Asks: 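Got a structure for you, questions after.
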Amino acid sequence: MPASQSDPILDLPPLKEVIATHGLSARKGLGQNFLLDLNLTRKIARQAGDSLATGTTVEIGPGPGGLTRALLLEGAARVVAIEKDTRAVVALESLVDAAQGRLEVIEADALKVDPLQLGPPPHRIVANLPYNVGTRLLLGWLETPEKWESFTLMFQREVADRLTADVGSKDYGRLSILTTWLTEARRVMDLPPAAFTPPPKVSSAVVRIVPRPGPLHPAPRKTLERVTEAAFGQRRKMLRQSLKGFGDAQAICAAAGVDPTARPETLPVEVFCALARTVAAFETA
Ligand code: SAM
């Protein structure tokens, strides 16, 4: 349930003041572009849906706590925030007190933490991700898509476009295929650089990613990843050329029922799954 007017979180000093008090000047190396407008962060938190009231909401990189405050005000039952910057961890202490047991802050590198161990299911992530590690983090979580309820994530616009690209578009590639195969991903909000302090050079977008009950088509994952890597590594080449590393590319295409002169950006996920199954069968034959 969203907060009442008397929620102690609403009495905390403004984020600008928190930043000044704790000397939290933004560090580029940590991808620090903060969101200070509580109306905006509450809008992002609401994208996570009503489910905040159950299980565990994990936030990566709370920084001064703008999105963290929003998640709590929008009724999150339990928020676990993982932050690498000690200055931010200290700055968040008063929010931990105001949250009255609903917020835990862990000082750690999110790349080294398994968020599924941090509280009861269902698990979801809501984060304004540090851009330098955002894609790597998402790919790690998608190793076990079935264990997650949802991801509501801010990325730089280019990455958001690749995550949600349809076949045939210029952004369609390895990332689009993997996310389409495992999830339903939608761009739900666009944010200009001016929404952040300091403003980054690029625009940003929030993507809502909900894992499917199972992959869209059967395919061995590692082989699918290798096939898309080969195909899109040589984007302008036909499959008969780019799949040579797997053996007789013409024979692989024929067995998978795919035109060997096709270029990868024209092929839907289903076709890549057929190619991956065929390559796996050729490799074990
Ligand atoms: N959530 C805050 C907001 O919206 O204002 C800050 C978002 S800022 C884009 C990214 C945050 O991630 C920073 O606070 C940064 O210190 C933190 N961070 C960067 N790399 C990290 C890592 N590997 N693990 C955990 N936190 C990290």
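Just follow the structure's listing: the first ligand is 1, and inside any ligand the first atom is 1. All heavy atoms count here, side chains included; hydrogens, waters and symmetry mates do not. The model shown is predicted, which means the values in this text are computed figures rather than measured ones.
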Asks: Write down the atom of P62, the atom of I82, and the distance for their closest heavy-atom approach.
Replies: CD-O, 3.4 Å

Asks: Determine the interplanar angle of the H123 and W148 rings, folded into 0 to 90°, and report it as parallel if under 30°, tilted if 30 to 60°, perpendicular if over 60°.
Replies: perpendicular

Asks: So which of A91, G29, G63, G61 gets nearest to atom 1 (N) of ligand 1, if we judge by its closest heavy atom?
Replies: G61

Asks: Do ligand 1 and N128 have nitrogen or oxygen atoms that lie under 3.5 Å from each other?
Replies: yes

Asks: Should R157 and V202 count as side-chain neighbours, where that means a heavy-atom distance under 4.5 Å?
Replies: no

Asks: Can you tell me how far apart CG (D109) and CD1 (I60) are? Round to the nearest 0.5 Å.
Replies: 9.5 Å

Asks: Using a 3.5 Å cut-off on N or O atoms only, is L35 in polar contact with ligand 1?
Replies: yes

Asks: What is the minimum heavy-atom distance between A231 and S242, and which atoms define it?
Replies: CA-OG, 3.9 Å

Asks: Which protein non-hydrogen atom lies closest to atom 14 (O) of ligand 1, naming both residue and atom, and how far is it?
Replies: E83 OE1, 2.8 Å

Asks: State whether the shortest distance between N or O atoms of L111 and N or O atoms of ligand 1 falls below 3.5 angstrom.
Replies: no

Asks: By number and element, which atoms of ligand 1 are closer than 4.0 Å to a non-hydrogen atom of N33?
Replies: 7 (C), 8 (S), 9 (C)

Asks: Any Lys/Arg nitrogen of E143 or K222 sitting under 4.0 Å from an Asp/Glu carboxylate oxygen of the other?
Replies: yes

Asks: Kindly confirm or rule out an N or O of A110 lying under 3.5 angstrom from an N or O of ligand 1.
Replies: yes

Asks: Identify, for atom 20 (N) of ligand 1, the protein heavy atom at the shortest distance, and state residue, atom and that distance.
Replies: P130 CG, 3.6 Å

Asks: What heavy-atom pair brings M154 and Y131 nearest, and what distance separates the two atoms?
Replies: CG-OH, 3.6 Å

Asks: Relative to each other, are the rings of W141 and F151 parallel, tilted or perpendicular (30° and 60° limits)?
Replies: parallel

Asks: I need the atoms of ligand 1 closer than 4.0 Å to a non-hydrogen atom of K84, numbered in the order shown.
Replies: 21 (C), 22 (C), 23 (N), 24 (N), 25 (C), 26 (N), 27 (C)

Asks: Identify the protein heavy atom lying closest to atom 2 (C) of ligand 1, giving its residue, its atom name and the separation to 0.1 Å.
Replies: P62 O, 3.2 Å

Asks: Distance under 4.0 Å to a non-hydrogen atom of D109: what atoms of ligand 1 satisfy this?
Replies: 22 (C), 23 (N), 24 (N)

Asks: Which protein heavy atom lies closest to atom 19 (C) of ligand 1, and at what distance to 0.1 Å?
Replies: L30 O, 3.1 Å

Asks: Is ligand 1 under 4.0 Å from a heavy atom in the side chain of A88, in the backbone, in both, or in neither?
Replies: neither

Asks: Is there a nitrogen or oxygen of Q32 sitting under 3.5 Å from a nitrogen or oxygen of ligand 1?
Replies: yes

Asks: Which ligand 1 atoms are under 4.0 Å away from a heavy-atom of I82?
Replies: 25 (C), 26 (N)

Asks: Can E229 and R226 be counted as an ion pair, charged N to O under 4.0 angstrom?
Replies: no

Asks: Are side-chain heavy atoms of N128 and F34 found at a separation under 4.5 Å?
Replies: no

Asks: Under 3.5 Å, is there a donor-acceptor pair between the R208 and T164 side chains?
Replies: no

Asks: Among D166, D171, D161, whose salt bridge (Lys or Arg N to Asp or Glu O under 4.0 Å) with R187 holds?
Replies: D161

Asks: Take every heavy atom of E59, measure it against each atom of ligand 1, and state whether any distance is under 4.0 Å.
Replies: yes

Asks: Measuring from non-hydrogen atoms of G66 to any atom of ligand 1, is the shortest distance under 4.0 Å?
Replies: no

Asks: Does G31 reach ligand 1, in the sense of a heavy atom lying below 4.0 Å from it?
Replies: yes

Asks: Is ligand 1 less than 4.0 angstrom away from at least one heavy atom of A108?
Replies: yes

